[in-house]
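Okay, structure first, notes after.
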Amino acid sequence: IRFTDTDGTDLAYEIEKWDETGTSWVWVKAPQIDINSSTDYIYLYYGNTSATDHQQVTSVWDSNYIAVWHLKESSGSIIDSTSNDNDLTIGGTPIYSAIGQVGSAVEFEKDNSATATRTSLTGQTGNNYTVEFWINPESKYDYNEYLNNNGWNGYNIHDSAAGTLYAGNTPNRISTGTNYLPILTLTHVVLANTNNGERLYKNGSQTHTQTFDTPTYGVFSISTGAT
């Protein structure tokens with residue numbers, strides 16, 4: 001397959017999953033497609049059996065991306081799609097090929113002590129960061145730790161037995177109300193930290209803000225209780 005812009009410019013793409021008889025997932029770096037536009041579009045070419053694989057995976061994700069984990073693996077490490085090679089090492093026994101929002105996912109069961117970790121994330125520097133993920137908690141627990149970078153010094157996202165989500169870094173972490181994340185429901189969560197402060201988003205809507213804190217990065221992990 002090939003993707004091009006309207007002027008014929010070749011577009012970088014990454015195949016997350018390819019299934020000729022079912023659903024396929026492909027990430028394409030399009031220069032611009034305005035919302036509700038009827039003139040911005042890209043072309044897909046397919047069916048040439050003599051064409052070679054033309055994926056340019058690391059070109060899809062520019063230097064603004066420190067790491068991209070699709071969680072598409074069926075075993076072993078979680079592979080980073082960026083040129084930073086921030087692959088995650090598996091601990092415990094996660095459940096691969098779980099149902100995700102886009103393609104498959106990995107289930108990190110607390111009973112299996114499942115984790116995915118890296119000593120440090122290559123390319124992560126400065127005060128500003130944004131982390132985003134889809135999460136599907138099975139239950140409330142004290143506590144489900146979803147993302148952790150150097151504890152509260154970098155950023156940490158976890159919930160409590162009452163369903164309160166704690167996000168950000170000390171001393172001004174965000175604390176939501178109870179039952180923030182619906183159980184057994186895929187929810188899109190974004191945490192952004194800039195000079196304007198920490199901001200928490202759920203399913204595209206900003207829900208909480210807090211004073212800016214300077215992060216100190218370290219060991220990164222996706223921990224038990226997350227999907």
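One is the number of the first residue; the rest follow in order along the sequence. Because the structure is a prediction, the values reported are computed rather than measured.
- Side chain of Ser59 to backbone of Ala12: no donor-acceptor contact under 3.5 angstrom is found.
- In this structure, Glu138 and Leu184 have side chains that are in contact, with non-hydrogen atoms separated by less than 4.5 Å.
- With hydrogens and angles disregarded, no donor-acceptor distance shorter than 3.5 Å links the side chain of Ser50 to the backbone of Asn48.
- No donor-acceptor pair under 3.5 Å is formed between the side chain of Asp10 and the backbone N or O of Thr4.
- No side-chain donor-acceptor contact under 3.5 Å links Trp25 to the backbone of Ser104.
- How far OG of Ser175 is from NE2 of His208: 7.5 Å, rounded to the nearest 0.5 Å.
- A chain of hydrophobic side-chain contacts below 4.5 Å, direct or via other Ile, Leu, Val, Met, Phe, Trp or Tyr residues, connects Leu88 to Val131.
- Proximity of a side-chain donor or acceptor of Asn150 to a complementary backbone N or O of Thr216 within less than 3.5 Å is detected.
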- Walk me through it: do Val190 and Leu200 pass the test side-chain contact (heavy atoms from CB on, under 4.5 Å)? CA-CA 6 Å; Val190 178; Leu200 184 66; over 6 Å; no

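- Note on Ile222 and Tyr96: same hydrophobic cluster, where clusters join Ile, Leu, Val, Met, Phe, Trp and Tyr whose side-chain heavy atoms are under 4.5 Å apart, directly or indirectly.
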- Item | Audit row: Glu132, Leu191, side-chain contact (heavy atoms from CB on, under 4.5 Å) steps and yes/no | CA-CA 6 Å; Glu132 63 176 304; Leu191 173 66; over 6 Å; no

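- In the hydrophobic cluster analysis, where Ile, Leu, Val, Met, Phe, Trp and Tyr join through side-chain heavy atoms closer than 4.5 angstrom, Val28 is grouped together with Ile33.
- The six-membered or imidazole ring of Tyr155 lies near that of Tyr129, with a centre-to-centre distance under 6.0 Å.
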- Verify side-chain contact (heavy atoms from CB on, under 4.5 Å) between Leu186 and Ile135, making sure each step is shown before the conclusion. CA-CA 5 Å; Leu186 279 161; Ile135 189 165; over 6 Å; no

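- One side chain, Gln206 or Tyr201, offers a donor N or O that lies under 3.5 Å from an acceptor on the other.
- No side-chain donor-acceptor contact under 3.5 Å links Gln101 and His188.
- No side-chain donor-acceptor contact under 3.5 Å links Asp80 to the backbone of Trp69.
- Taking 4.5 Å as the limit, some side-chain heavy atom of Trp61 sits within range of a side-chain heavy atom of Val68.
- At distances below 3.5 Å, not a single donor-acceptor pair connects side-chain atoms of Asn84 with backbone N or O atoms of Asn86.
- With no hydrogens or angles considered, no side-chain donor-acceptor pair links Thr211 and Asp213 at under 3.5 Å.
- Atom CG in Asn153 sits 9.5 Å away from atom CG in Asn148 (nearest 0.5 Å).
- Taking each heavy atom of Lys72 and Ile15 in turn, the nearest pair found is NZ-O, 3.7 Å.
- Across every non-hydrogen atom of Gly154 and Pro215, the tightest pair is O-CB, 3.8 Å.
- Smallest separation of non-hydrogen atoms from Ser24 and Asp19: OG-N, 2.8 Å.
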- Determine, stepwise, if the pair Ser83 / Asp85 fulfils side-chain hydrogen bond (donor to acceptor under 3.5 Å, both in side chains). CA-CA 5 Å; Ser83 60; Asp85 292 326; over 6 Å; no

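- With ring centers used as reference points, His54 lies 6.0 Å or more from Tyr45.
- In this structure, CZ in Phe108 is found 9.5 Å from OG in Ser221, a value given to the nearest 0.5 Å.
- For the atom pair Leu44 CG and Ile42 CD1, the distance stands at 8.0 Å (nearest 0.5 Å).
- Within the 3.5 Å criterion, the main-chain N or O of Asp159 finds no donor-acceptor partner in the side chain of Asn144.
- His70 and Glu14 are linked by a side-chain donor-acceptor pair at a separation below 3.5 angstrom, with hydrogens and angles left out of the test.
- There is a path of hydrophobic side-chain contacts, each under 4.5 Å, that joins Val26 to Tyr46.
- Among Thr194, Asn193, Thr130, the single residue meeting the side-chain hydrogen bond (donor to acceptor under 3.5 Å, both in side chains) criterion with Arg199 is Thr194.
- No hydrogens or angles considered: nothing links the side chains of Thr115 and Thr117 as a donor-acceptor pair under 3.5 Å.
- Across all their heavy atoms, Asn149 and Gly218 have their closest contact at OD1-N, 2.8 Å.
- Figure legend: cation-pi geometry between Lys202 and Tyr180, with NZ or CZ positioned under 6.0 Å from the six-membered ring centre and within 45° of its axis.
- Using a 4.5 Å heavy-atom cutoff, the side chains of Tyr43 and Arg2 are not in contact.
- Once rounded to the nearest 0.5 Å, the distance linking OG of Ser77 with CZ of Arg118 reads 10.0 Å.
- Using modelled atom types, one side-chain atom of Glu198 and one backbone atom of Asn169 make a donor-acceptor pair closer than 3.5 Å.
- Residues Leu71 and Ile95 fall into different hydrophobic clusters, defined by Ile, Leu, Val, Met, Phe, Trp and Tyr side chains chained together at heavy-atom separations under 4.5 Å.
- Of the inter-residue distances, the one linking Ile157 atom CD1 with Arg173 atom CZ reads 12.5 Å to the nearest 0.5 angstrom.
- In the displayed structure, Phe212 atom CZ is contacted under 6.0 Å by more than 12 heavy atoms of other residues, nucleotides or ligands.
- Looking at Glu16 and Trp27, their side chains come closer than 4.5 Å, going by heavy atoms from C-beta outward.
- Side-chain atoms of Asn156 and Glu145 form a donor-acceptor pair, as typed in the model, at a separation below 3.5 Å.
- Counting only N and O atoms by type, the side chains of Ser81 and Tyr65 include no donor and acceptor under 3.5 Å apart.
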- Message: The test is side-chain contact (heavy atoms from CB on, under 4.5 Å); show your working for Thr82 and Ile66 and say whether it passes.
- Response: CA-CA 7 Å; Thr82 76; Ile66 302 304; over 6 Å; no

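- Looking at heavy atoms from C-beta onward, Ile79 lies in side-chain contact with Glu73 at the 4.5 angstrom threshold.
- Using a 4.5 Å heavy-atom threshold, the side chains of Val60 and Gln55 count as separate.
- Contact of the Leu165 side chain with the Leu181 side chain is registered, since non-hydrogen atoms from C-beta on lie closer than 4.5 Å.
- Taking 4.5 Å as the limit, some side-chain heavy atom of Tyr166 sits within range of a side-chain heavy atom of Trp152.
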